[in-house]
2 protein chains.
Amino acid sequence: MKKVTLNDVSRAAGVSRSTASLVLRGNPRIPEATSDRVRLAMAELGYVYNRQAANMRRSESMTLGLIVTDIRNPYFAGLTMTIEEAAHDAGYTLFVGYSRDDVERQYLQLETMVQQQVDGIFLLPATGSELAPVCGIIDRSSVPVVQLARYFSEELDYVGPDNVAAGQQLAQHVSSLGASTAVLVGGPEHSSARTERIKGLETGFTGSGVAFDASLSAATTNNAAGGSEGVARVLDQGIWPDCIVAYSDAVALGIYAELRRRNLDPGRDVSVASFDDIAMAELLLPPLTSVSTYPELIGRRAADLLLNRIRDPALQPQRSLIEPALKVRASTAQWRPRT
Amino acid sequence: MKKVTLNDVSRAAGVSRSTASLVLRGNPRIPEATSDRVRLAMAELGYVYNRQAANMRRSESMTLGLIVTDIRNPYFAGLTMTIEEAAHDAGYTLFVGYSRDDVERQYLQLETMVQQQVDGIFLLPATGSELAPVCGIIDRSSVPVVQLARYFSEELDYVGPDNVAAGQQLAQHVSSLGASTAVLVGGPEHSSARTERIKGLETGFTGSGVAFDASLSAATTNNAAGGSEGVARVLDQGIWPDCIVAYSDAVALGIYAELRRRNLDPGRDVSVASFDDIAMAELLLPPLTSVSTYPELIGRRAADLLLNRIRDPALQPQRSLIEPALKVRASTAQWRPRT
DNA sequence: CGGTATTGGTAGACCGATCTAATAGAAATC
DNA sequence: GATTTCTATTAGATCGGTCTACCAATACCG
């Protein structure tokens, strides 16, 4: 039951290991008669190619790493699947780690991936990454890294939605409803994505007649529990906005639930709008107005970027922003100002 | 900018490579004075451990593989995260592949993982795996495999929900509502999970007064689109059941949407019940009755099983079933027989 | 004081591929 | 017939660790 190696194959086929290796890689210098004999021996012995051994000599491992916070958020699930597909299509196998938005975990995952000699890493940084010794391990190994959806370093590539534009689009739509107050609920406090979305909302609301005060917004974890908690915190302060802007659709789900617990009807008593536009948004009741940030495009673009950088590590760090698109649905359409 | 190796470290510390290697692994035979010197050299040179190289001699790679169909289904997302956590906690790094329920893709992913020398594989088999040459690659490399949630081979470990019991629980609940007809919608036609759930429903409905005909059920992909399509197919045949049993919560989402498109009110005009009990089920309107199949338990159990088998490959193949639990919610509670 | 244990360390084979440089023999050229 | 070119193949070094076997020096023992 021992492992079959190239040596065993070559011996069985009556050639040298070098020749067997050449056959393996389809070298045209080997005539068919010989390569057929080798391939037959492989099949008969049940040979399995050992990539790790090959990697020792070649300088690439044909593996990539992906670290995201939590795929129970469908937005990150979609992003993850796109990246896996791109990696697979390019012949890479993908290591995946879920940081759960914990920098300590993220650090350990980065480190083991680097030790496994990955050729590149997709990183959706945990909040607080800028403070942690994340960079240390990255530039000690000089592995190419592309930041996804959030960023903490200007020296690394970044691909994400144009959050500022997304915020502006949402603000414009909300003000066109005739709302007079809006508040942001949810999202990790110090992430670049949240800061940018706030900035977009602020510029979008400026001069629109809608009162929007970012300091009233409630930062939370990026999931339904966060949404419930965040909206509770806002309402319990006695703030009753015309429109609640959720940090993400995952958060909006929790907002819907908490509003209902308080006998408020989202879309009638208060508008709700959000970011991401996951598939679920359309299926909710009422369907949720959301700015699509196209995780498939982000993933695809990130993969292109990383593969390019692997080919040419000297490339300048790039920032690539994906244009968002507002999807208006009933969660804002049905709402009418209270009289 | 060349890579720093143990050789470089040992030279800088004035010891042999063997000694440096012993320090790396915390061998107690090396006195502190020496190991401190070595560790200092590592830090100064920016040494990064190369696991691939180490794996060549040791017989384990400290990597595991996970192949699932699609994590946009929150049930699989939860399962995936649990397994990643277990792998991480045990010191393993995880390769992940999404088969998209395509045996061809699944086969390629299995093969590259095996070539990467994974120590074990978690496999949520794509439908049709029994027909494909999946086993070939698995037993050629004799890598331990645990099947998740579905199975196609009796010779491999399996961990999943007790689908028969789940079906029975659901059937009993539905018949207690006073419904007189029920139909199953969705799910991949030939998967073991679907067959078992049908079996559970059939035995549960037997003698209960509820007419349930498995041959009327509509098999579809396991997602919202499948649910919409499946329920449309059923209703368009002129079948109007009192209760629709969805293959999974993901499917139920599409069923809700399609019913509404037809001006039917789920939970009033027709009961809906389902399997899985994802977090979303509770947040829907109406909240969805569902049988919880505890992905966290399945993942944890599967991880224990795989790690045990890696330690002792001679173990008999195991089947481990997780006890389900019915969560009754408004999607069945409000329903009253039409008069 | 001779002999045995113990401590601290090392040389060199080894894992399974790739890759360079070389070689034997056949074919082509002069 | 001698030289060159080409084709098919191979020996052996190499990647970066681990592991076995062994050695030298000191400590311990009766």
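Below, chain A is the first sequence line, B the second, and so on; all start at residue 1.
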Problem - Test log, rule side-chain contact (heavy atoms from CB on, under 4.5 Å), inputs A:T112 and B:M62 - result: CA-CA 10 Å; A:T112 55; B:M62 295 310 286; over 6 Å; no
Round to a whole Å and report the spacing from [atom1] of [X] to [atom2] of [N].
X      : N      : atom1 : atom2 : answer
B:N27  : C:dG8  : CG    : P     : 11 Å
B:R17  : D:dC15 : CZ    : C1'   : 11 Å
A:Q117 : D:dG17 : CD    : C1'   : 11 Å
B:M62  : D:dG17 : CE    : P     : 17 Å
A:M56  : D:dG17 : CE    : P     : 8 Å
B:R25  : C:dG9  : CZ    : C1'   : 14 Å
B:N55  : C:dC15 : CG    : C1'   : 10 Å
A:R58  : C:dG16 : CZ    : C1'   : 14 Å

Practice task
Look at the side-chain N and O atoms of B:T19 and state whether any lies under 4.0 Å from the OP1 or OP2 oxygen of C:dT10.
Solution key: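 Checking B:T19 against C:dT10: at least one side-chain N or O falls below 4.0 Å of OP1 or OP2.
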Exercise for the section: Verify the contact: side-chain N or O of A:S16 to OP1 or OP2 of D:dT9, cut-off strictly under 4.0 Å; return yes or no. Expected result: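 Negative; the distance criterion is not met.
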Which part of the nucleic acid, if any, lies within reach of [X] when heavy atoms closer than 4.0 Å are counted: base, sugar-phosphate only, or nothing?
X     : answer
A:S59 : nothing
A:T5  : sugar-phosphate
A:R51 : nothing

Identify which nucleotide among [options] has an atom closest to any side-chain atom of [X], counting heavy atoms from C-beta outward.
X     : options                : result
B:L24 : C:dA11, D:dT18, C:dT18 : D:dT18
A:S18 : C:dC19, D:dT18, C:dA17 : C:dC19
B:P31 : C:dG16, C:dG8, D:dT18  : C:dG8
A:R57 : C:dA17, C:dC15, C:dG9  : C:dA17

Exercise for the section: Sort out for me which residue in B:Q318, B:R301, B:Q147, B:R309 forms a side chain to side chain donor-acceptor pair (under 3.5 Å) with B:D157. Expected result: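 Of the listed options, the one satisfying the test is B:R309.
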Problem - A:E84 CD to A:Y92 OH distance, which is reported to the nearest 0.5 Å - result: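 Spacing of CD (A:E84) from OH (A:Y92) equals 15.0 Å.
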Handout entry: Residue met sooner reading DNA chain D from 5', once B:R29 and B:Y47 are mapped to nucleotides
Key =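 Between the two, 5'-proximity favours B:Y47.
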Problem - Most 5' of B:L22 and B:A53 on DNA chain C, judged by nearest nucleotide - result: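 It is B:L22, whose closest nucleotide lies nearer the 5' terminus.
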Handout entry: Sidechain N-carboxylate O distance under 4.0 Å for B:D70, B:R72
Key =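 Counted as a salt bridge, because a side-chain N and a carboxylate O are separated by less than 4.0 Å.
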Handout entry: Ring geometry between A:Y151 and A:Y158 (parallel below 30°, tilted from 30 to 60°, perpendicular above 60°)
Key =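 Perpendicular, since the angle between the ring planes exceeds 60°.
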